[in-house]
Amino acid sequence: MLTNMILVLVLVAAGAYGYYLTFRLDGWLTEDKKQKLKEEEAQSGEACALLFGSGSRMKLLEQWVRNHGLLPIVIEEIGIRREWNNICLVVAASESDEDNLCICKLIQKMYHTEQVYGICNDRLNEAMYDRFHIRILKENAEITRQLEGMFQRNEAGVA
């Protein structure tokens, strides 16, 4: 009797876990489809902005980028796609200076992007940002206001 109850519990647990994995797989497939659609949009030739990081500030940055006529590509992990074309702006806004520096330098090297911005979380790393020609955004101020000022100064310098 006890072995039958244990067997039933094991079967129920296995079924529940299988059910859980099915839903997770559906979620992963949905995320993959969304990412592929974004990549296809990025290949369309429209000017793109690469946003790196996670959290609530990414929604704000994504809206700011759209308002400036750029197509936002949001990534949460360091990953580069050769298919991305026309990346003209990079904003690295993660909690890790090392990740921010890596993504900015990779994009500069692969796509020759000149407008590269990163949040410097530790003042000791500011020299590295300067060395790699990455404009520093301050975490304590409103990021979009800083970007707006730098973006307009850059446009004035080009004109």
Side-chain angles (χ1 to χ4, degrees), residues 9-122 125-126 128-129 132-151 154-155:
L9 284 175
V10 168
L11 288 174
V12 168
Y17 187 65
Y19 193 68
Y20 167 76
L21 287 178
T22 302
F23 279 110
R24 291 293 299 173
L25 182 62
D26 288 343
W28 291 328
L29 291 174
T30 303
E31 280 182 29
D32 190 45
K33 285 180 185 177
K34 287 180 184 178
Q35 184 64 28
K36 284 182 182 178
L37 285 173
K38 286 182 181 180
E39 289 174 11
E40 287 173 6
E41 289 176 353
Q43 293 175 9
S44 68
E46 187 177 345
C48 299
L50 183 71
L51 306 174
F52 173 68
S54 61
S56 60
R57 76 179 93 157
M58 294 314 321
K59 295 288 184 195
L60 186 66
L61 286 170
E62 192 173 348
Q63 185 62 41
W64 183 86
V65 165
R66 286 186 195 280
N67 291 343
H68 284 81
L70 300 171
L71 178 69
I73 300 172
V74 180
I75 59 174
E76 294 182 8
E77 296 177 356
I78 295 178
I80 307 294
R81 304 252 195 275
R82 289 206 179 272
E83 300 86 38
W84 290 340
N85 295 321
N86 301 322
I87 293 183
C88 62
L89 173 71
V90 178
V91 180
S94 76
E95 301 295 326
S96 168
D97 284 343
E98 293 81 8
D99 289 346
N100 290 344
L101 286 164
C102 285
I103 195 75
C104 288
K105 193 60 185 164
L106 282 170
I107 295 296
Q108 279 179 332
K109 192 169 191 118
M110 288 184 69
Y111 300 105
H112 308 290
T113 304
E114 293 182 17
Q115 291 188 28
V116 181
Y117 305 93
I119 290 181
C120 183
N121 298 299
D122 186 359
N125 293 327
E126 286 182 6
M128 291 296 288
Y129 281 82
F132 292 133
H133 307 289
I134 300 168
R135 294 180 187 99
I136 299 173
L137 299 172
K138 301 293 181 188
E139 175 64 37
N140 56 0
E142 188 176 320
I143 295 171
T144 54
R145 191 175 313 144
Q146 293 176 66
L147 277 171
E148 189 71 38
M150 290 182 184
F151 200 69
N154 200 22
E155 286 178 350

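Count residues from 1 along the sequence.
Once rounded to the nearest 0.5 Å, the distance linking NZ of Lys105 with CD1 of Ile134 reads 7.5 Å. Atom-to-atom distance recorded for Ile73:CD1 and Leu89:CG is 11.0 Å, nearest 0.5 angstrom. Atom SG of Cys104 and atom CZ of Arg135 lie 11.0 Å apart (nearest 0.5 Å). Put simply, CD on Glu126 and CG on Asp97 are 9.0 Å apart, with the number rounded to the nearest 0.5 Å. Atoms CD and CG, from Glu62 and Leu60 in turn, are 10.5 Å apart once rounded to the nearest 0.5 Å. Taking CD from Glu76 and CG from Asp99, the interatomic distance works out to 12.5 Å, rounded to the nearest 0.5 Å.
Scored by the ring pair (Phe, Tyr, Trp, His ring centres under 6.0 Å) test, Tyr20 finds no partners at all (sequence neighbours excluded). In this structure Glu95 satisfies the salt bridge (charged side-chain N to carboxylate O under 4.0 Å, His left out) test together with Arg57, sequence neighbours excluded. Taking Asn67 as the reference, Gln63 meet the side-chain hydrogen bond (donor to acceptor under 3.5 Å, both in side chains) condition, with sequence neighbours excluded.
When each of Val91, Val74, Leu70, Ile87 is tested with Leu50 by the rule side-chain contact (heavy atoms from CB on, under 4.5 Å), just one qualifies, namely Ile87.
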Item to check | Steps toward side-chain contact (heavy atoms from CB on, under 4.5 Å) verdict (Met58, Leu61) | outcome: CA-CA 5 Å; Met58 294 314 321; Leu61 286 170; 4.0 Å; yes

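Here the side chain of Tyr129 pairs a donor or acceptor atom with the backbone of Ile119 at under 3.5 angstrom. A distance-only check finds no donor-acceptor pair linking the side chain of Asn100 to the backbone of Gly53 [under 3.5 Å].
You'll find the side chain of Cys88 stays beyond 4.5 Å of the side chain of Gln115, heavy atoms only.
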